[in-house]
*Asks:* 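The following block contains the structure, expressed as structure tokens.
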Amino acid sequence: MTERVVIEGVEFAAALTIRSDIGLLALHGSREGGTAELAHEVAARTGASCLVFTQPTGDPVHIPSHRMSVPTCAALRQFLSHVTLTISLHGHLRPETPRAIFLGGANRAAADTLAHSLTLLAPAFEPVTDLNHIPPGLRGLGPRNPVNLTPAGGVQLELPLSARTQGPRRTLGAPDVPPPMVTAALTAGVQRLMETSAGPQRGVR
């Protein structure tokens with residue numbers, strides 16, 4: 001299903017696919033290039049549920065994650081009521097850490113599982129799970145952040161541009177194409193979470 005929802009005066013299209021109880025989430029699909037495509041692809045490969053927000057018109061606006069959690073969005077309500085563990089994909093543009101993938105969120109065991117897959121299958125990037133080494137604004141620990149509203153909490157991945165796109169789009173309006181190694185690594189990590197007990201555990205907030 002795709003729902004049109006207005007949040008703080010901005011119109012979004014919220015595309016929801018319900019599958020397993022692990023869910024991929026992209027709150028800023030139009031603003032943070034490649035996150036929407038990566039969420040859709042990993043969810044399709046693993047059988048995970050998926051919720052992606054995009055802005056169909058106008059220049060993309062960034063609304064902080066905790067303010068995207070509005071009761072008027074039926075797609076988000078259904079996603080949160082169905083999913084046990086959320087993996088929320090975001091993008092960062094930190095020039096001092098162009099290869100760092102920050103893994104925040106409340107479920108630290110799941111963050112470690114995803115980081116292990118990234119280390120093995122996407123060696124060009126550096127997964128960072130130590131919360132003390134993640135910039136405060138990228139830690140994804142807020143209680144109103146949708147990544148933490150499912151029973152097992154979740155993992156907030158902050159991906160640098162090169163981990164979610166393969167350079168400038170050749171055609172205006174064409175979808176971004178995430179690097180195959182990152183897609184493969186996250187696919188393997190999500191599959192591992194489905195197979196083990198790492199998913200249901202909560203870590204620190």
Side-chain angles (χ1 to χ4, degrees), residues 23-46 48 50-55 59-66 68 86-108 110-142 145-148 154-190 192-193 203:
L24 276 293
L25 176 65
L27 292 170
H28 307 124
S30 295
R31 176 80 176 185
E32 297 170 351
T35 57
E37 293 82 1
L38 190 56
H40 280 304
E41 183 62 23
V42 173
R45 292 187 185 191
T46 60
C50 185
L51 176 60
V52 169
F53 287 81
T54 54
Q55 295 172 43
D59 293 331
V61 175
H62 184 276
I63 296 175
S65 298
H66 68 279
M68 292 288 290
T86 300
I87 299 163
S88 187
L89 304 182
H90 297 261
H92 77 81
L93 295 171
R94 303 270 169 153
E96 68 277 14
T97 52
R99 293 291 172 181
I101 297 177
F102 299 112
L103 294 97
N107 193 314
R108 306 313 302 149
D112 288 340
T113 297
L114 293 176
H116 180 68
S117 292
L118 286 164
T119 299
L120 291 178
L121 299 177
F125 300 97
E126 178 190 358
V128 180
T129 58
D130 186 336
L131 292 173
N132 292 321
H133 293 159
I134 298 176
L138 304 183
R139 291 175 184 169
L141 297 177
N145 188 327
V147 73
N148 297 318
V155 183
Q156 178 166 305
L157 282 90
E158 295 279 354
L159 300 136
L161 187 64
S162 57
R164 49 192 166 90
T165 71
Q166 296 187 64
R169 300 177 185 178
R170 295 182 179 179
T171 304
L172 184 64
D176 286 298
V177 180
M181 71 170 67
V182 175
T183 305
L186 290 181
T187 297
V190 172
R192 181 65 176 162
L193 289 172

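The first residue in the sequence is number 1, and the count goes up from there. Quantities reported herein were computed from a predicted structural model and do not represent experimental measurements.
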*Asks:* Checking the side chain of Glu158 only, and the main-chain atoms of Phe102 only, is there a donor and an acceptor separated by less than 3.5 Å?
*Replies:* no
*Asks:* Between the main-chain N or O of Glu126 and the side-chain N or O of Arg99, is there a donor-acceptor pair closer than 3.5 Å?
*Replies:* no
*Asks:* Any sub-3.5 Å donor-acceptor pair from Asn148's side-chain atoms to Gly142's backbone N or O?
*Replies:* yes
*Asks:* Does CG in Asp130 sit with more than 12 non-hydrogen atoms of other residues, nucleotides or ligands closer than 6.0 Å?
*Replies:* yes
*Asks:* Between Val52 and Cys50, which heavy-atom pair has the shortest distance, and what is it?
*Replies:* CG2-SG, 3.7 Å
*Asks:* Please evaluate residues Ile87 and Leu186 with respect to the criterion side-chain contact (heavy atoms from CB on, under 4.5 Å), reporting the C-alpha separation (whole Å), side-chain torsions for both, the decisive distance (0.1 Å), and the verdict.
*Replies:* CA-CA 10 Å; Ile87 299 163; Leu186 290 181; 5.9 Å; no
*Asks:* For the pair Thr183 and Leu38, evaluate side-chain contact (heavy atoms from CB on, under 4.5 Å) and give the outcome as yes or no after the intermediate values.
*Replies:* CA-CA 7 Å; Thr183 305; Leu38 190 56; 3.5 Å; yes
*Asks:* Do you know the tightest heavy-atom contact between Ser162 and Pro98?
*Replies:* OG-O, 3.8 Å
*Asks:* If only atom types and distance count, is the side chain of Arg108 paired as donor or acceptor with the main-chain N or O of Thr129 below 3.5 Å?
*Replies:* yes
*Asks:* Which atom names give the shortest non-hydrogen contact between Thr113 and Gly189, and what distance separates them?
*Replies:* CG2-O, 4.0 Å
*Asks:* Hey, does Ser65 have a side-chain heavy atom less than 4.5 Å from the side chain of His28?
*Replies:* yes
*Asks:* Run the salt bridge (Lys or Arg N to Asp or Glu O under 4.0 Å) test against Arg94 and tell me which residues pass, sequence neighbours left out.
*Replies:* none
*Asks:* Taking all heavy atoms of Ala188 and all of Leu121, pick out the closest pair and write down the distance.
*Replies:* CB-CD1, 3.7 Å
*Asks:* So, taking the atom named CD in Glu41 and the one named OG1 in Thr187, what distance separates them when rounded to the nearest 0.5 Å?
*Replies:* 7.0 Å
*Asks:* Would you say the side-chain atoms of Gln156 pair up with the backbone N or O of His90, donor to acceptor, closer than 3.5 Å?
*Replies:* no
*Asks:* How long is the gap from CG on Leu103 to CG on Asp112, to the nearest 0.5 Å?
*Replies:* 8.5 Å
*Asks:* With a 4.5 Å limit on heavy-atom distance, are the side chains of Glu32 and Pro60 in contact?
*Replies:* no
*Asks:* Does the side-chain contact (heavy atoms from CB on, under 4.5 Å) test come out yes or no for Arg164 and Val182, once each step is laid out?
*Replies:* CA-CA 8 Å; Arg164 49 192 166 90; Val182 175; over 6 Å; no
*Asks:* Do you know the tightest heavy-atom contact between Gly29 and Thr35?
*Replies:* CA-OG1, 3.7 Å
*Asks:* Test His92 against every option in Leu159, Ile101, Thr97 by the side chain to side chain contact (heavy atoms under 4.5 Å, CB included) rule and name the one that passes.
*Replies:* Thr97
*Asks:* Evaluate the side-chain proximity of Pro146 to Thr86: yes if any heavy-atom separation is below 4.5 Å, no if none is.
*Replies:* no
*Asks:* Does His40 have more than 12 heavy atoms from other residues, nucleotides or ligands lying within 6.0 Å of its NE2?
*Replies:* yes
*Asks:* For Leu131, does its backbone N or O pair with a side-chain atom of Arg139 as donor and acceptor, under 3.5 Å?
*Replies:* yes
*Asks:* Which heavy atom in Ala111 sits nearest to a heavy atom in Val155, and how many Å separate them?
*Replies:* N-CG2, 3.5 Å
*Asks:* Could you please spell out the steps behind the side-chain contact (heavy atoms from CB on, under 4.5 Å) verdict for Leu193 and Leu114?
*Replies:* CA-CA 8 Å; Leu193 289 172; Leu114 293 176; 4.0 Å; yes
